[in-house]
There are 2 protein chains.
Amino acid sequence: MPQLKTSADLRVHNQTRLLRAVHDADEPLTRASAARALGFGRNTAAALVGELEAAGLLHEAPAGASGRGRPTTLLLAHPHGPVAFGADIREDSWTLAQIELGGRLTELETGEHDRTPRVFDDILRATRRHATDRLASLGIAIAGPIHDRRRLHISHLGWDEVDLDEQIGGDWPPTVVDNDARLAGLAEARRGALRGTGTALHFHIDFDIGGTLLLGGDAQRGAHNIAGEFGHMPLTDSGHRCMCGAQGCWSLDVGTNALVRRSGREPGYGAGRELAREILARAEAGETEAGRAVDDNAIALGRGLGALANALDPEAITLSGLGLELIRLRRGLIEHACAEGLMKFRRARPPRILAGTVGEIGPLRGAAEIAFDVALNAEWLRARL
Amino acid sequence: MPQLKTSADLRVHNQTRLLRAVHDADEPLTRASAARALGFGRNTAAALVGELEAAGLLHEAPAGASGRGRPTTLLLAHPHGPVAFGADIREDSWTLAQIELGGRLTELETGEHDRTPRVFDDILRATRRHATDRLASLGIAIAGPIHDRRRLHISHLGWDEVDLDEQIGGDWPPTVVDNDARLAGLAEARRGALRGTGTALHFHIDFDIGGTLLLGGDAQRGAHNIAGEFGHMPLTDSGHRCMCGAQGCWSLDVGTNALVRRSGREPGYGAGRELAREILARAEAGETEAGRAVDDNAIALGRGLGALANALDPEAITLSGLGLELIRLRRGLIEHACAEGLMKFRRARPPRILAGTVGEIGPLRGAAEIAFDVALNAEWLRARL
DNA sequence: GCGAATTTGTTCTCGGTGAGAACTTAACGG
DNA sequence: CCGTTAAGTTCTCACCGAGAACAAATTCGC
């Protein structure tokens, strides 16, 4: 519940609602339609928009007339309005992109990194190269849990307890950092296949399974910002000991490592993704051995999804990464295994299992979105008006 | 976010905040302290309270002076203000209680039932016996999932798809029905050991494990109101097939049924609880066989808690039912098994595992609370003022 | 026992907010 | 070309909470 007390708060609150509606809309809103959607009179809408335009947060442009009546205006990003940058740190490369009001994402730069925390310097330098005074905030997606938004663990880079405060200092723009799978889920909820769902799950399947619970379009973070390690629940009783320290982890049976191990090869982060792609290709070409490995992967995936659905009752589940291939090749197996893991009384209406539609840039988009959220916030707006 | 647009909404919103603060407070609030806590001026507080008192929702009584300065008034439930009833349907009995603003719970009546849906008639009749025109709403706690808030499943009563709309008709007061474990968790979050936690889990352990994820003091319901069946995730790979239709369910290894089965007896809902009590007593008296059974139960409990903590990152976990005994007798085992299930990097700060403090009336209190929530809502208030 | 200090209640003014009504403007359509 | 339709504009109005000044009720120190 927003801290909202005075009538001045009310104005800011309504302007925030308006900006949020403009940002989240699929197509640009018109002033008249926004007023209708939010329940304002035309007079009030004019006042709200007027102030926002004067503050350089919104730009009005004549809308092409559509039907009878006086034409209205489109609500667009102001050419000098705030923007946010999003960055995605992957295994050996990073990407920086810019987002503006309305959600348009523009890729700015891509680079490689040396798998050490020096990548933060690369990103800072790239940010400096592209930053103008419009930059409000920077969001970074990272492939690992971020304990208390500060301590960073990335097993496949060998980062154990990297302290973010030592990497991101006072000379950075306002910066938020979050887990890539969570951000990919957020992107699906805001712009993808989960738009409008109340309770949903998203899983990004790579070496490992990361995910997030999405409630009302919001990715949950837990008490220490490390929620979402669904891959480290023993949902498929593999019995193997996991590098994470626990035993029988789900992601030992699902993901590229599992696919590689099941095919008799030694899993390793480096070549694992390549090998997995090869196994998928062979399976698609009809080789039985590879097909079996993919089957097992899909079954283990479905089994875990069913178990999680029992506990969390999602309306839909989206997948990204290897999950997209598994859906494409083995949708039936996944759904069947999921149904077997579901309690009987749930089977008539199982959760929809969907391919994510945001694509590979999910973490990047999510990072940009949470960065831009900084500027869609009542406090920020109050200071800017 | 509340639908809050006009300045009139603002008044109702602030009055709702005030009533909520009064209701949730541990001790009665004074007018002055409430004003300070919510950030109002003394003038505004006077206006808000005055209207609420005139509407019969709040009663002011002189507060015993405490220190210097002009004495203020206590904010209490109005003698003709709204109340809600809560009911708890257990295995073969039910209880009806009344709650009023501030949270005072008064037991009204208890009865037995014949394990058929006729219990709803009993509750309706009891409600009629005690209802006055102060009654705003009735909440009912039920030991089973309630699909879409309508279709009811209680395995140990043999209820498969009982349609609530056929039981609760137009002659009922406004009625909300929810799962008992979820309501017990809500009670812990509002009045018990989870007060003030942002992310928490609660589990009620009986024949089975039911639970709920609590976020910001709110029990999550999922997309179809059937979230919380954590007991039906395969967290301990028992391999057994479960009555629920899935396999390897956690609650096959934790709970009274598991305790009984582990002791070589035939689990059954009827005598199971008695047998379990007996086994616990023997374990406490030092019998090795019974002790082993309790050990296994505690270990399986801890193992599952660790897995769930990986995924959901709770700040604290509370237990009720058999869980209280397991904490009392085997806290060390539970915590050790939990730590083993946790990812290594989490072990330095594991979730606190706590005994619930609300006690056996958790579901009853939770039911009363969600019923009373109806009257702490802006829409209801707007109509009443 | 009395005045100072302290805390709260009361009253009044003021700037600000959105609603609503009346009117104006700009398109379309026959 | 004029009626219809939809949106923008302007003005009044009820209402809200902030703030300041003042009154009231208690405690504390001497």
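Throughout, a chain's letter reflects where its sequence line sits, starting with A, and its residues are numbered from 1. Any value given below was found using the heavy atoms of this structure, including those in side chains, with hydrogens, waters and symmetry copies removed.
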Distances under 3.5 Å only, N/O to N/O: pair up the protein atoms with those of nucleotides 26-28 of chain D.
unit_1: D:dT26; atom_1: O2; unit_2: B:Gly69; atom_2: N; d: 3.3
unit_1: D:dT27; atom_1: O2; unit_2: B:Arg68; atom_2: NE; d: 3.2
unit_1: D:dC28; atom_1: O4'; unit_2: B:Arg68; atom_2: NE; d: 3.4
unit_1: D:dC28; atom_1: O4'; unit_2: B:Arg68; atom_2: NH2; d: 3.2

Handout entry: Selection residues 70-81 of chain A - residue pairs positive for salt bridge (Lys or Arg N to Asp or Glu O under 4.0 Å), sequence neighbours left out
Key = none
Handout entry: Any A:Leu105 side-chain heavy atom under 4.5 Å of A:Gln98 side chain
Key = no
Is there a donor-acceptor contact under 3.5 Å linking the side chains of [X] and [Y]?
X: B:Asp313; Y: A:His224; value: yes
X: B:Arg182; Y: B:Asn225; value: yes
X: A:His202; Y: A:Thr212; value: no
X: B:His78; Y: B:Glu100; value: no

Candidates [options] - which lies nearest the side chain of [X]:
X: B:Thr44; options: C:dA19, D:dA18, C:dT17; value: D:dA18
X: A:Asn43; options: C:dT8, D:dC11, C:dA22; value: D:dC11
X: A:Thr6; options: D:dG17, C:dT8, D:dT9; value: D:dG17

Exercise for the section: Grab the two heavy atoms, one from A:Ala223 and one from B:Pro314, that are nearest each other, plus how far apart they are. Expected result: CB-C, 3.9 Å
Handout entry: Closest non-hydrogen atom pair, B:Ser137 against B:Val374
Key = OG-CG2, 3.7 Å
Nearest-Å distance for atom pair [atom1]/[atom2], residues [X] and [N]:
X: A:Gln15; N: C:dT17; atom1: CD; atom2: C1'; result: 11 Å
X: A:His13; N: C:dG16; atom1: NE2; atom2: C1'; result: 17 Å
X: A:Glu60; N: D:dA7; atom1: CD; atom2: C1'; result: 12 Å
X: B:Leu48; N: D:dA18; atom1: CG; atom2: C1'; result: 13 Å
X: B:Asp9; N: D:dA14; atom1: CG; atom2: P; result: 19 Å
X: B:Arg36; N: D:dG17; atom1: CZ; atom2: P; result: 19 Å
X: A:Arg382; N: C:dG16; atom1: CZ; atom2: P; result: 15 Å
X: B:Phe40; N: C:dT8; atom1: CZ; atom2: P; result: 16 Å

Give each protein N/O atom lying under 3.5 Å from an N/O atom of nucleotides 13-15 of chain C, with the pair distance.
none

Exercise for the section: Indicate, with a heavy-atom threshold strictly under 4.0 Å, whether A:Arg42 touches base, sugar-phosphate, or nothing. Expected result: base
Exercise for the section: State whether the number of non-hydrogen atoms from other residues, nucleotides or ligands found under 6.0 Å of A:Arg104 atom CZ is greater than 12. Expected result: no
Handout entry: Partner of B:Leu194 by side-chain contact (heavy atoms from CB on, under 4.5 Å), out of B:Leu201, B:Leu214, B:Thr357
Key = B:Leu214
Exercise for the section: Compare side-chain N and O positions of B:Asn14 against OP1 and OP2 of D:dG17 and report whether any pair is under 4.0 Å apart. Expected result: yes
Exercise for the section: Check whether any side-chain nitrogen or oxygen of B:Arg31 sits under 4.0 Å from OP1 or OP2 of C:dG9, and answer yes or no. Expected result: yes
Handout entry: DNA chain D: 5'-proximal contact among A:Thr72 and A:Lys5 (nearest heavy atom)
Key = A:Thr72
